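Have a look at the structure below, then the notes.
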Amino acid sequence: MLDINLIREKPEWVKAQIAKLNDTAPIDEIVADDARRREILGEVEELRRQRNETSKQIGQWMGRLKKMEADLKRAEAGQDVGQSADQLRAQVQSLQFNADEAKDETREIGERITELDEELRQVEERLQHNMLWVPNIPDESVPVGPDDSHNILGDPQGAPEPQFDFEPKPHWDLGPELGIIDFERGVKLSGSRFYLLKGWGSRLQRALIQFFLDYHTEKHGYTEVYPPFMVRSEMFVGAAQLPKFKDNIYRDAEEDFMWLGTAEIALTNVHRDEVLDEADLPIKYVAYTPCFRREKMSAGRDVRGIKRGHQFDKVEMYRFTTPETSYQALEEMVQDAMDICEALGLRYRKVEMVTGDLGFAAAKKYDLEAWAAGCGEWLEISSISNCETFQARRANIKYRPAENGRLQYVHTLNGSGLALPRVMIAIIENNQQADGSIVVPKVLRPYMGVDVIR
RNA sequence: GGAGGGAUGGCCGAGUGGACGAAGGCAACGGUCUUGAAAACCGUAGUGGGCUUAUGCUCACCGGGGGUUCGAAUCCCUCUCCCUCCGCCA
């Protein structure tokens, strides 16, 4: 979510930024609703002030009334209370009259407050709804471009392009031949876009998960987290997945649970509604989770192999930082992911996203792509974003600066480290040998127990 | 799944519908005292919104949402979470 003050003060600038994303947002309606909201607020608060004042007055009268009535009772019983029963009776009556009159008046104020509140509620609801649909604003450093075809491709790094003295096969042939991927039975169980890993295939994935977690915790200082795989819908709003990406989410039919499309959703909300100390920042988490996505938007695309499924596994890096350090953190996270690529002997490249391909929540984003020799494609194996305060506002995550105690929103960053099926594709296809066997990368051998899958 | 009990400021913990943004304690911060520290004593302190900015004024917030009332931390409804007992269970 954006700062409403920014939209209020520079609506045209905000619109221009969003135009760079190739997106639109109801900025004019937001500005109008915001103005109306403050207008109503002024009125309703003045009314409330009046009501508070009168109510306090009534309260005092009621207190005195109680005392006087008690006195009256005693006077009527013949006790001396300083005044005659008749005098007291008259006073009680007059006070009662005043109180009743004030009550009537205040009741009317209350009715007007109720009316204004109702209008306020409607305005705020629409305002809030619209705010949730406004995308994040790109960082100044992001190159302007209309779509992904303009992304800035880095030079290939890591291992040299694999050479073969035979025709390299795609993983959808190699996998079944080796008995490590079973497409038919995956479809039998769950339908299209599901597959089964078997034997060394399953072991390879487990080895990769273990290796990623070990590497990031031991070498990069992340704390491992095992989150729930299904979380409440409110967490999806916090992570900026809802309302916009509703169609891509699996949900429970009876309860307000939704299945993670990425660990980012859970990790963003770990510190939801908290105030962190600056001394605790940065907080660095790494989590393995399966990811569930409907993939409605990409129906018919990437249907072969294990590149795009409704369920896949991923190890995700996540950081909470101060605003001053988030861009340095972004570069570090890219390096963290590249370190893994290097260790696995992948051929990879860094892609800098242009404004038109930033997506909804990121202010700046890099992808890492790995070369897969069999299908002859660069596969997206990581996506690393700085969301600045966009998610922090939605999930209400603040920190107390060491100097000058005013609370501020943290910056949040997320990045794959890495996404498994595509890393497996690269390994399987690049490391294949003429006989169909696959050489296991050195760093995985302790986890696999073998040098070659055959 | 059944029965009951809870949720109050950074933490603990009071709070018969009116003086309560909320006692008291602890922790924190500032000060006095001290060679220094501790102790003691005095004082300051929440978050968010709106208006105005020189100081300021005001509204909301006692788990979330709704209701009753002139007025709700307090009464009613509802949701969430926590605890105890019973049942079931990887």
Side-chain angles (χ1 to χ4, degrees), chain A residues 1-9 30-70 94-129 131 226-238 251-252 254-258 266 269-280 389 392-410:
Chain A
M1 202 150 66
L2 298 185
D3 184 353
I4 184 68
N5 290 302
L6 183 65
I7 297 177
R8 183 185 302 154
E9 283 155 26
I30 286 172
V31 170
D33 282 338
D34 174 58
R36 180 67 187 137
R37 170 179 174 269
R38 286 181 296 149
E39 197 181 348
I40 301 172
L41 225 44
E43 280 182 65
V44 91
E45 283 185 2
E46 171 57 22
L47 290 173
R48 266 194 236 279
R49 194 194 59 72
Q50 286 175 25
R51 182 172 70 179
N52 288 347
E53 207 174 68
T54 317
S55 281
K56 208 166 262 184
Q57 177 65 250
I58 295 174
Q60 283 170 14
W61 286 341
M62 298 306 277
R64 273 166 56 197
L65 250 172
K66 225 181 214 171
K67 249 187 77 192
M68 282 164 63
E69 277 167 346
S94 130
L95 201 51
Q96 186 76 56
F97 180 80
N98 287 346
D100 286 347
E101 201 161 64
K103 280 185 191 182
D104 289 342
E105 238 172 73
T106 313
R107 190 180 296 119
E108 276 170 40
I109 293 177
E111 280 161 10
R112 282 167 59 206
I113 290 174
T114 305
E115 285 168 29
L116 286 171
D117 266 347
E118 175 55 22
E119 190 187 347
L120 185 64
R121 195 191 58 75
Q122 286 175 17
V123 170
E124 285 187 332
E125 192 180 285
R126 190 170 57 221
L127 183 61
Q128 182 66 10
H129 175 266
M131 287 295 284
Y226 171 84
F229 296 163
M230 40 202 279
V231 298
R232 280 198 258 260
S233 58
E234 195 49 34
M235 307 306 145
F236 281 72
V237 176
R251 61 182 187 279
D252 184 87
E254 291 181 19
E255 298 191 62
D256 182 31
F257 284 130
M258 293 180 145
N269 290 284
V270 167
H271 295 292
R272 183 189 188 82
D273 293 325
E274 289 184 23
V275 177
L276 306 167
D277 278 330
E278 179 167 1
D280 296 333
T389 61
R393 285 178 195 282
R394 289 173 168 244
N396 188 29
I397 313 162
K398 294 180 175 172
Y399 79 101
R400 190 180 299 282
E403 308 277 320
N404 179 8
R406 184 129 186 98
L407 303 188
Q408 285 192 54
Y409 289 108
V410 297

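Chain letters run A, B, ... following the sequence lines, proteins first and then strands; every chain starts at 1. The structure displayed is predicted, hence computed values, not measured ones.
For the pair A:Asp252 (side chain) and A:Glu254 (backbone), a donor-acceptor distance under 3.5 Å is present. Side chain of A:Asn269 to main chain of A:Arg272: no donor-acceptor pair is present (N/O by atom type, distance under 3.5 Å, no hydrogens or angles).
In this structure, the CG atom of A:Asp277 is 12 Å from the P atom of B:C29, given to the nearest Å. The separation between A:Leu120 atom CG and B:C59 atom P is 16 Å, rounded to whole Å. Between the CD atom of A:Gln50 and the P atom of B:U58 there is a distance of 13 Å, given to the nearest Å.
Here, B:A22 and B:G46 have their P atoms 11 Å apart, quoted to the whole Å. Across the C1' atoms, B:U8 and B:G63 are found 10 Å apart, a figure rounded to whole Å. The gap from the P atom of B:G15 to that of B:G6 amounts to 12 Å, rounded to the nearest Å. For the C1' atoms, the distance from B:C41 to B:U34 is 14 Å, rounded to whole Å. Between the C1' atoms of B:A28 and B:C12, the separation comes to 15 Å (whole Å). Spacing of P atoms, B:A54 relative to B:G65, comes out at 36 Å, to the nearest Å. Remark: the separation of the C1' atoms in B:G25 and B:A14 is 11 Å, to the nearest Å. Comparing the P positions of B:G10 and B:C62 gives a spacing of 13 Å, expressed to the nearest Å.
Under 4.0 angstrom from either OP1 or OP2 of B:C81 there lies at least one side-chain N or O belonging to A:Arg232. A close approach under 4.0 Å does not occur between any side-chain nitrogen or oxygen of A:Lys56 and OP1 or OP2 of B:C70. Using a 4.0 Å cut-off, some side-chain N or O of A:Arg38 falls inside it from OP1 or OP2 of B:C51. A sub-4.0 Å separation between OP1 or OP2 of B:C59 and a side-chain N or O of A:Asn52 is present. Side-chain N/O atoms of A:Arg48 include none lying less than 4.0 angstrom from OP1 or OP2 on B:U58. Checking the phosphate oxygens (OP1, OP2) of B:C59, no side-chain nitrogen or oxygen of A:Arg49 falls inside 4.0 Å.
Nearest nucleotide to the A:Ile58 side chain, out of B:G50, B:G18, B:U47: B:G18.
Pairing for B:G21 is absent, with no Watson-Crick or G-U wobble pair whose two atom distances lie under 3.5 Å. Of all nucleotides present, only B:U44 satisfies the Watson-Crick or G-U wobble test against B:A28, with each distance under 3.5 Å. Look at B:G36: it lacks any Watson-Crick or wobble partner with both distances under 3.5 angstrom. Across the strands present, B:G1 finds its partner in B:C86; the criterion is a Watson-Crick or G-U wobble pair with both atom distances under 3.5 angstrom.
Across all strands, A:Ser55 comes closer than 4.0 Å to base atoms (heavy-atom distances). As judged by a 4.0 angstrom heavy-atom cut-off over every strand, A:Arg36 is placed among residues making no nucleic acid contact. Within the 4.0 angstrom heavy-atom criterion, only backbone atoms of the sugar-phosphate kind lie near A:Leu41; the bases stay farther away.
Salt bridge A:Arg37/A:Glu124: present, at least one basic N to carboxylate O contact under 4.0 Å. Between A:Glu115 and A:Arg112, no side-chain nitrogen of the basic residue sits less than 4.0 Å from a carboxylate oxygen of the acidic one, so the salt-bridge criterion is not met. A salt bridge does not link A:Glu53 with A:Lys56: every distance from a Lys NZ or Arg NE/NH1/NH2 to an Asp or Glu carboxylate oxygen is 4.0 Å or more. For A:Arg232 and A:Asp256, the salt-bridge test fails: no basic side-chain N is under 4.0 Å from an acidic carboxylate O.
A donor-acceptor contact under 3.5 Å links the side chain of A:Glu45 to the base of B:G49.
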